[in-house]
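Heads up: the structure comes next, in structure tokens.
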Amino acid sequence: MTKAFVVGHPIKHSRSPLIHGYWLKQYGLDGSYERIDVAPVNFGDFLKSFRSQGFAGGNVTIPHKEMAFLSVERRTAQAERVGAVNTLWIEDGVLWGDNTDVAGFMAHLDASLGTGWEQDVETILVLGAGGAARAVVAGLQNRPCKRIFVANRTLSKAEDLVRDLRRGSPVALETAAWEALPRVIPHAQLIVNTTSLGMAGQPPLVLDLSRAPRHAVVADIVYVPLETPLLAAAAAQGLRTVDGLGMLLHQAVPGFKRWFGVTPEVTPELRALILADIEAHR
Ligand code: ATR
């Protein structure tokens, strides 16, 4: 039997076991995927010992993603760009780390908008400059758009992000001050919220979308609630919207493939299962 885990602190609320459990059942695989609560002081020991406990690898979540980044022996290019690792596996005895949020966000955009959506997109606006923003920018900068603006309440964090990700970027990366948003929005064909604003219990993200391009797409990575105030405002303006749940589902795909050897599908049934769980725990 192949065993995988999600490790975090706390870990009770992780939905990853539901996602991987669904796929294990769906594909009739002899495997398990379990939650493991490990405090930060013990995380280094956990990384050394999970192999001897029979695990093939697993997911890493808050607060261990940066520590995992520093501790793995090899990293994928995506992990390198983001500076955080959320997926671990062993290959030829070597501990590898990936950041599958990058591929997860892009796969979700492609699935939602249809491949080739970038053809109409020259300018992208990303709001936020945390770990999630890095994953989103790292994915978008490999697509044929012209420029990506990164706006953040704390401008210095946007500057750090742009400095780190600009190296080797085929796309121009620029910062935008939060106060400058009204001047950027009219040019942005894709707007992505990666901040925690709009999440249940947080204030909403209020943007004036009245001057956004008519064909603009507004995406949110927040998925509780599924329709954030930002997405509701975008829909009210007649703009296309992309919700945050798909990124959660798609980021799980590469890990499952590594540990269990099958590329799983993100199906409407899986989406409905996770949505029902979100509703049940609100
Ligand atoms: P993650 O790893 O999920 O991206 P994070 O690193 O804590 O989480 O980043 C949270 C993001 O939400 C940051 O960009 C943060 O802005 P600051 O860098 O200025 O803190 C943003 N954010 C959180 N609360 C906010 C608020 N009230 N207004 C504007 N931005 C906010």
Side-chain angles (χ1 to χ4, degrees), residues 6-11 13-16 40 43 59-70 78-87 97-106 108-109 124-141 148-165 173-182 184-185 188 191-209 218-226 228-231 233 242-252 278:
V6 56
V7 61
H9 185 71
I11 196 62
H13 301 296
S14 170
R15 295 204 164 81
S16 294
F43 186 66
N59 285 124
V60 179
T61 186
I62 291 167
H64 302 312
K65 290 187 197 182
E66 283 78 22
M67 187 59 168
F69 174 82
L70 295 172
Q78 279 85 351
E80 210 66 72
R81 289 197 88 72
V82 179
V85 155
N86 74 346
T87 302
D98 188 12
N99 190 307
T100 64
D101 284 338
V102 180
F105 178 71
M106 296 312 295
H108 176 44
L109 265 193
I124 297 175
L125 170 61
V126 174
L127 300 154
R134 282 177 185 255
V136 164
V137 172
L140 290 171
Q141 73 183 153
I148 301 174
F149 286 105
V150 179
N152 196 46
R153 174 179 61 178
T154 311
L155 186 60
S156 62
K157 276 183 68 187
E159 286 166 350
D160 290 348
L161 185 159
V162 163
R163 189 198 55 233
D164 292 348
L165 294 188
L173 297 188
E174 316 268 341
T175 58
W178 202 257
E179 304 74 46
L181 286 175
V184 177
I185 288 171
I191 298 171
V192 187
N193 175 44
T194 76
T195 74
S196 45
L197 293 173
M199 201 181 277
Q202 298 287 323
L205 172 54
V206 181
L207 293 183
D208 179 3
L209 296 171
V218 178
D220 207 326
I221 69 160
V222 170
Y223 58 87
V224 182
L226 192 63
T228 59
L230 174 70
L231 294 185
V242 176
D243 68 53
L245 185 54
M247 180 179 178
L248 174 76
L249 304 177
H250 283 279
Q251 64 76 31
I278 291 170

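Just follow the structure's listing: the first ligand is 1, and inside any ligand the first atom is 1. All values below come from the heavy atoms of this structure, side chains included, with hydrogens, waters and symmetry mates left out.
- Counting non-hydrogen atoms of other residues, nucleotides and ligands closer than 6.0 Å to CD1 of Ile62 gives a total of 12 or fewer.
- Of all atoms in ligand 1, numbered sequentially from 1 with element shown, those under 4.0 Å from a heavy atom of Lys157 are 18 (O).
- At a threshold of 4.5 Å between non-hydrogen side-chain atoms, the residues Val82 and Phe69 do not count as touching.
- Leu161 and Ala133 make their closest contact through CD1-CB, 3.9 Å (heavy atoms, listed as atom of the first residue, atom of the second, distance).
- The N/O atoms of Pro203, backbone and side chain alike, include none that comes under 3.5 Å of an N/O atom in ligand 1.
- With a 4.0 Å cut-off on non-hydrogen atoms, Arg153 touches ligand 1 through its backbone as well as its side chain.
- Of the candidates Thr195, Val136, Leu197, the one placing a heavy atom closest to atom 29 (C) of ligand 1 is Leu197.
- Distances between N or O atoms of Thr154 and those of ligand 1 include at least one value under 3.5 Å.
- When each of Thr228, Val222, Val136 is checked for a side chain to side chain contact (heavy atoms under 4.5 Å, CB included) with Asn193, only Val222 meets the rule.
- Expressed to the nearest 0.5 Å, how far CD1 of Ile148 lies from CG of Leu173 amounts to 5.5 Å.
- Counting only heavy atoms of the protein, atom 4 (O) of ligand 1 lies nearest to Ala132 N, 3.1 Å.
- Under the 4.0 Å distance rule, the nearest protein heavy atom to atom 21 (C) of ligand 1 falls inside the cut-off.
- No N or O atom of Ala133 sits closer than 3.5 Å to an N or O atom of ligand 1.
- Rounded to the nearest 0.5 Å, atoms CG (Asp101) and NE2 (His250) are 13.0 Å apart.
- Counting the atoms of ligand 1 from 1 in the order shown, those under 4.0 Å from a heavy atom of Gly130 are 4 (O), 6 (O), 9 (O), 14 (O).
- How far CG of Asp220 is from CE of Met199: 9.0 Å, rounded to the nearest 0.5 Å.
- Heavy-atom contacts of Ala129 reach the following atoms of ligand 1: 14 (O) (cutoff under 4.0 Å).
- Annotation for ligand 1: atoms under 4.0 Å from non-hydrogen atoms of Gly128 are 14 (O).
- The option with the heavy atom closest to atom 1 (P) of ligand 1, from among Ser196, Gly131, Ala158, is Gly131.
- Remark: atom 27 (N) of ligand 1 lies closer than 4.0 Å to at least one protein heavy atom.
- Protein non-hydrogen atoms do not reach within 4.0 Å of atom 7 (O) of ligand 1.
- Side-chain contact between Arg153 and Thr195 is absent, with no heavy-atom pair separated by less than 4.5 Å.
- Here's the thing with Trp178: none of its N/O atoms is less than 3.5 angstrom from an N/O atom of ligand 1.
- In terms of protein heavy atoms, atom 14 (O) of ligand 1 is closest to Asn152 OD1, 2.7 Å.
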Practice item. Test Asp208 against Ile185 for side-chain contact (heavy atoms from CB on, under 4.5 Å), laying out the working first. Key: CA-CA 8 Å; Asp208 179 3; Ile185 288 171; 5.7 Å; no
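- Note that CG of Asn86 and CG of Asp98 are 7.0 Å apart. Values are rounded to the nearest 0.5 Å.
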